[in-house]
Amino acid sequence: MASKGAGMSFSHKSYRLTSDTEKSRVTGIVPEKLLNDYLSRIFSPDRASTVATSRTPLNFQNLPEHLDQLLQVDNEDEESEGQVEGRLGPSTVVLDHTGGFEGLLLVDDDLLGVIGHSNFGTIRSTTCVYKGKWVYEVLISSQGLMQIGWCTINCRFNQEEGVGDTHNSYAYDGNRVRKWNVTTTNYGKAWAAGDIVSCLIDLDDGTLSFSLNGVSLGTAFEDLSRGPGMAYFPAISLSFKESVAFNFGSRPLRYPVAGYRPLQDPPRADLARAQKLLGCFRAVLRVELDAVEGRLVDKESSEWQLQGQPTVLLTLAHIFHRFAPLLRKVYLVEAVLMSFLLGAVEAGTPTQAQSVVRQVLDLLWLFMEDYEVHDCLKQLMMSLLRLYRFSPIVPDLSLQIHYLRLTIAILRHEKSRKFLLSNVLFDVLRSAVFFYIKSPLRVEEAGLQELIPTTWWPHSGREGKDGKEAKDETAEQRQRRRAYERGCQRLKKRIEVVEELQVQILKLLLNNKDNGGEASRYIFLTKFRKFLQENASGRGNMPMLCPPEYMVCFLHRLISALRYYWDEYKDSNPHASFSGEAYIPPQIFYNGKVDYFDLQRLGGLLSHLRKTLKDDLASKANILIDPLELQAATMDDLDEDEEPAPAAAQVPRWGQRPTQALAIGGALPLPRPGWLSSPTLGRANRFLSTAAVSLMTPRRPLSTSEKVKVRTLSAEQRTREDIEGSHWNEGLLLGRPPEEPEQPLTENSLLEVLDGAVMMYNLSVHQQLGKMVGVSDDVSEYAMALRDTEDKLRRCPKRRKDILAELTKSQKVFSEKLDHLSRRLAWVHATVYSQEKMLDIYWLLRVCLRTIEHGDRTGSLFAFMPEFYLSVAINSYSALKNYFGPVHSMEELPGYEETLTRLAAILAKHFADTRIVGTDIRDSLMQALASYVCYPHSLRAVERIPEEQRIAMVRSLLAPYEQRPWAQTNWILVRLWRGCGFGYRYTRLPHLLKTKPEDANLPSLQKPCPSTLLQQHMADLLRQDPDVAPSFLNSVLNQLNWAFSEFVGMIQEIQQAAERLERNFVDSRQLKVCATCFDLSVSLLRVLEMTITLVPEIFLDWSQPTSEMLLRRLAQLLNQVLNRVTAERNLFDRVVTLRLPGLESVDHYPILVAVTGILVRLLVHGPASGTDRATSVLLADPCFQLRSICYLLGQPEPPAPGTALPAPDQKRFSLQSYTDYISVEELAQVEQMLTHLTSASAQAAAASLPTSEEDLCPICYAHPISAVFQPCGHKSCKACINQHLMNNKDCFFCKATIVSVEDWEKAANSSATSSAA
């Protein structure tokens, strides 16, 4: 940095020191005596030194010599950093990643962190010990299966045996709470993520022990093998995805142990020098030089100001000349600088601490070279993040608060903030850690027992806060609940302090009012977009991903900071909107200013959309896509192996864009940008995100006829102008469609932050919210187990003391577990499921709804919207409904009813939107709508949407099933009917009532809530549109035929497997498919029942061309179902009797009541003419058996005409046994139907005439020939040919195209007439 001695000069910054003999006596700065007093106070703090040097006054000429003497250290300290007796290997101890490992492991760049990537990988260090007392520390990053300890070089490990499983290797396993040396015994206590294990070996006494967070676990092993050739290496074996970080002494030990030496010696000499220099620096901050009065003034460090006094500047220059090289070392930064700054934060107020930190950083940047400051700040932030992440949780969270306050103080320094943002926070560190509040796994160590002394848990599962629970609550339970809630509020207030500090950090990172250079917000946007890209494209690469629990906290803090700046902008710009009205304008999705990587769009690939919708882009958004550019982007995927030219030669700087090459129709060829072949982008990324090649920022306003070319810019390529725009440039809002308002919502950069927040929720936040519900589920399960145990205790006879003892023991275990879980649940509710967090998710839901609504107005350009906006709208609603209860109810949210209606309108419109092509997102929309209509509140929201949207939704539901996935569509129709059908008012099937209840929140277990309004829309469409009913019902009948046939085939295979003598198992997947086919058959039958009830004329009015055919097909299928299910000792009975796991829903009741409902509607409720037609068709079917109808009422045989119905056999199935599900009126209708069919069957048998086989239909052999095909002349019955023509126009026999079908009698008469002529 500079030369030493009297002639030293400091070349840094804007000052220079030189010796001047003429000014040596007065120094040219302050009087000699005052200068001596000042320098003596700074550099000779002890009185002895002051006396010793008083004969030679201190000045800047002899100060370097004085400093050299001051910083001298003992020779022992200098020599101790080399080889030490008892230790072999390099002085810098790291993990041996070249030869000292077994299995697949991922080692960090510093060779101190390791992640398991195989079954049981093992790795050791590069240094071993054979004599003395040694210690090293291991930071537990994950609490899974690991064995940590020591081994010799002769130990051989594999994927099954690790440290502690062989001779001369010793390990501690905190996951299983055991110690290992060939054999294993109990030892120590369980560790958790964030704990620090100290591994101590005493080779003088031959003992080995471990400590956990500074608390000794006792001696683990004795009589270690010692002697020639016996040296021990630190080693670890860990399972897949487990991770730790070693500290052999490169950083100060968190829990040093007296008498034990770290494997890597600390830099004692440099540490002593750094501490002395820090003392000098402290002295400068405490002393003010009053040159006017000629005296020294003591002041507080926080009040010290750098006022440009030459004496003070030169003094600091001398200090930092020697201090700067030391501050680049990790150990010294953490031991000296970090300790000093943390002391300032802990000792003073936030304002005072900020003042000290700001002054220190100013001095670092002033007196140190840039590369020195960079290294120092990098090490400082790494140490700070490590301390924050792994510091123990204490009741007042004071440790986390101090670390965050220091982080804030550092980031308030503009120059330091920009450097850290550009180079450290997202590049070197997982900065999201600063926004995470880890959950304590040991509630006793976190002080939650003192904070929440009284525990409570819902006594009725997750529905414990409903009215019934409150009504049944005893006075003692009410008192406990209130005490528990008070404790939860105390915890929440303490957590809110940490959360507010985290929000302040993000506010600093989002600041766009910096004094010079690029604002912090735009640096943050670049890094944030890259962060999102890594997490979006690297979902399978775990080390690259931000953990979901970090992402949840990051999202909430980001939303708070974002809304703060959004509303702040609104205060100064009245035409802008409040954050409560926020959305993403649709042009951001297609103008190329924001890169969405390879994320799927609603309309498919971006390159495909820009080709197919280029005319719409030109007409609606004034954006042109040059065909040459599209061709260049497409061909890039083919020639990706070619060596690209240097990027600097290809991409001009954004201040010097070659507009002549970008002009439409220009003669110059387009340059190929380097980002098209960037090695950091994968093949798919380049193809999807660079379909167009250039973006020209307009320098003047565009007329309606002028167009702008666009390309997708990577985050690194954009400037502030590309984001915020300029006088004639709209920035991110380029290409505004006419439907969008001209006034901007807010700053464009905030729109991109909002877009990133939505993407974050889609990446992993929703999954984590669902995962954390597991704590609440655990509480419910243990509460149920405790309640059952207490019931058994009350019922147990007092004489059975052995049983009473076991039950009492179980009761104690469950109570202790519930105490632990209830306190942990309080932490989870405060950090994840609080009211404020719920409002954040609700705000995000409303943002997505507005974005989708605005995007929908752009017509075909809606296809450019990324799929994740619809996914987040669906998933955030699901989270609000299912994850935040019962503590917080979605119904309490502001604008709840309006939000439900808007979401209902989106689902109703877009589940069949042709602009959406992705199979997964279409399925998600369908499933969301199916779930939506299961709940009364959301179903009423569907009924509140405009009538034309409701009718369009029902029309889409009635589209032929063959054109799309039909199971969910059918489920929606069934839910609209459930509660209106025959015996269809149940929530759970009768035979499942005694089984363990499922989750009551499942859509399938909701109480019936039919929609008569939507049923009426369905009836109107089926009546008014002659094409809807035949195509819809034909597809329903086809699917019913398929589903029931598949079901019968599978139960045959299941029965055959069950009857084999050898031991065998039925595939669970086959059982699940079988049950699914059964459920589909039942639901299809219910849709047919609804259709017949609402519009019976579709089947019974034979003036319509397809009615007779549909009725005959329906009768055929109904008879097949009845015969299969009601036959004596049939296959269905035997499979139902087996009660196999997975086939719980397969039973007589659901399918027989569905068939009965259809028959009753046809034969009892219909008009007389319709009833006669239905009866004749049903009896004419050759599969009809009256015995099947009798089976419904438990009768073995049909009764004789004129006799009363006998009493049902109690061992048989009978609808009369389900009086809780079937009303008396419905049973009377069944009896009426049976009497009618019995009579009609007898009359039909008496009137039937024998039919020649030659006159029977050659297809079905059930009906006489009644139709002839033209032009081929082949014949069949009308039922067969009409059914065939619904799906195919070719002849059964000759495959000729059928032009027309005529009555066979008419054809015969015509032939006879022509012959006579």
Side-chain angles (χ1 to χ4, degrees), residues 83-103 105 111-112 114 120-139 146-158 161-174 178-185 187-188 196-212 216-238 244-250 253 255-257 259-265:
Q83 288 293 339
V84 179
E85 184 181 6
R87 182 180 66 192
L88 295 174
S91 58
T92 300
V93 186
V94 294
L95 296 175
D96 187 357
H97 68 293
T98 58
F101 66 93
E102 175 65 37
L105 300 156
L111 301 182
L112 294 175
V114 60
F120 203 50
T122 301
I123 191 168
R124 66 172 184 259
S125 71
T126 56
T127 300
C128 60
V129 293
Y130 61 90
K131 181 181 179 181
K133 298 180 179 181
W134 304 91
V135 62
Y136 71 92
E137 290 181 344
V138 180
L139 177 61
M146 294 178 281
Q147 293 174 197
I148 303 172
W150 305 80
C151 72
T152 64
I153 198 169
N154 295 321
C155 295
R156 295 292 177 262
F157 306 114
N158 54 45
E161 294 182 342
V163 180
D165 296 327
T166 65
H167 290 286
N168 296 325
S169 69
Y170 307 87
Y172 161 51
D173 176 2
R178 306 183 75 83
K179 61 180 180 180
W180 297 80
N181 175 234
V182 182
T183 60
T184 179
T185 55
Y187 175 79
I196 292 180
V197 177
S198 301
C199 304
L200 303 97
I201 189 168
D202 184 348
L203 290 170
D204 296 333
D205 294 338
T207 60
L208 196 151
S209 59
F210 298 91
S211 297
L212 187 65
S216 176
L217 301 178
T219 301
F221 303 100
E222 297 177 339
D223 300 326
L224 302 184
S225 298
R226 290 169 288 172
M230 296 301 299
Y232 291 89
F233 291 83
I236 184 174
S237 298
L238 64 174
V244 298
F246 285 83
N247 182 12
F248 298 111
S250 60
L253 296 181
Y255 302 104
V257 181
Y260 285 81
R261 190 170 186 171
L263 264 75
Q264 179 174 327
D265 288 322

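Keep in mind the model is a prediction, meaning the values are calculated, not measured.
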To check you understand the geometry: which heavy-atom pair defines the closest contact between [X] and [Y], and what is its length?
X    : Y    : answer
L105 : E102 : CD1-O, 4.2 Å
P262 : G249 : CB-CA, 4.2 Å
Q264 : S91  : CG-O, 3.2 Å
L238 : V114 : CD1-O, 4.1 Å
S211 : L200 : OG-CD1, 3.7 Å

In a table with atom names and distances, give each donor-acceptor pair under 3.5 Å that connects a side chain of residues 161-172 to protein atoms at least two apart or in another chain.
| residue | atom | partner | partner atom | Å |
| --- | --- | --- | --- | --- |
| D165 | OD2 | G162 | N | 2.8 |
| T166 | OG1 | S169 | OG | 2.9 |
| N168 | OD1 | S225 | OG | 3.3 |
| S169 | OG | G164 | N | 2.9 |
| S169 | OG | T166 | N | 3.3 |
| S169 | OG | T166 | O | 2.9 |
| Y172 | OH | K189 | O | 2.5 |

Gap between atom [atom2] of [Y] and atom [atom1] of [X] - 0.5 Å precision:
X    : Y    : atom1 : atom2 : value
R178 : T184 : CZ    : OG1   : 4.0 Å
C128 : L263 : SG    : CG    : 9.0 Å
F221 : I201 : CZ    : CD1   : 11.0 Å
S198 : L212 : OG    : CG    : 8.5 Å

Item to check | ring-ring contact (aromatic ring centres under 6.0 Å, His included) partners for Y232, two or more places apart | outcome: none

Item to check | Residues which pass ring-ring contact (aromatic ring centres under 6.0 Å, His included) with F248, listed by chain and number, not counting sequence neighbours | outcome: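 For F248, the residues satisfying ring-ring contact (aromatic ring centres under 6.0 Å, His included) (neighbours in sequence not counted) are Y136, F246.
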
Item to check | Trace of the side-chain contact (heavy atoms from CB on, under 4.5 Å) decision for L224 with L208 | outcome: CA-CA 8 Å; L224 302 184; L208 196 151; 4.1 Å; yes

Only counting residues at least two apart or in another chain, list the ones meeting side chain to side chain donor-acceptor pair (under 3.5 Å) with [X].
X    : value
Q147 : R176
T183 : none
T122 : S237
T219 : none

Under the side chain to side chain contact (heavy atoms under 4.5 Å, CB included) test, residues paired with [X] that sit two or more places apart:
X    : result
D205 : D202, T207
L111 : V94, H97, V107
A220 : K179, Y187, F210

Item to check | Heavy-atom check, side chain of W150 versus side chain of V129, under 4.5 Å | outcome: yes

Checklist entry - Heavy-atom distance under 4.5 Å between the side chains of R87 and D265, does that happen here? => result yes

Item to check | Summary of side chain to side chain donor-acceptor pair (under 3.5 Å) pairs that have at least one residue in residues 126-135, sequence neighbours excluded | outcome: E85-K131

Item to check | I236, T152, I153, L95 screened by side chain to side chain contact (heavy atoms under 4.5 Å, CB included) with R124, the one that passes | outcome: I153

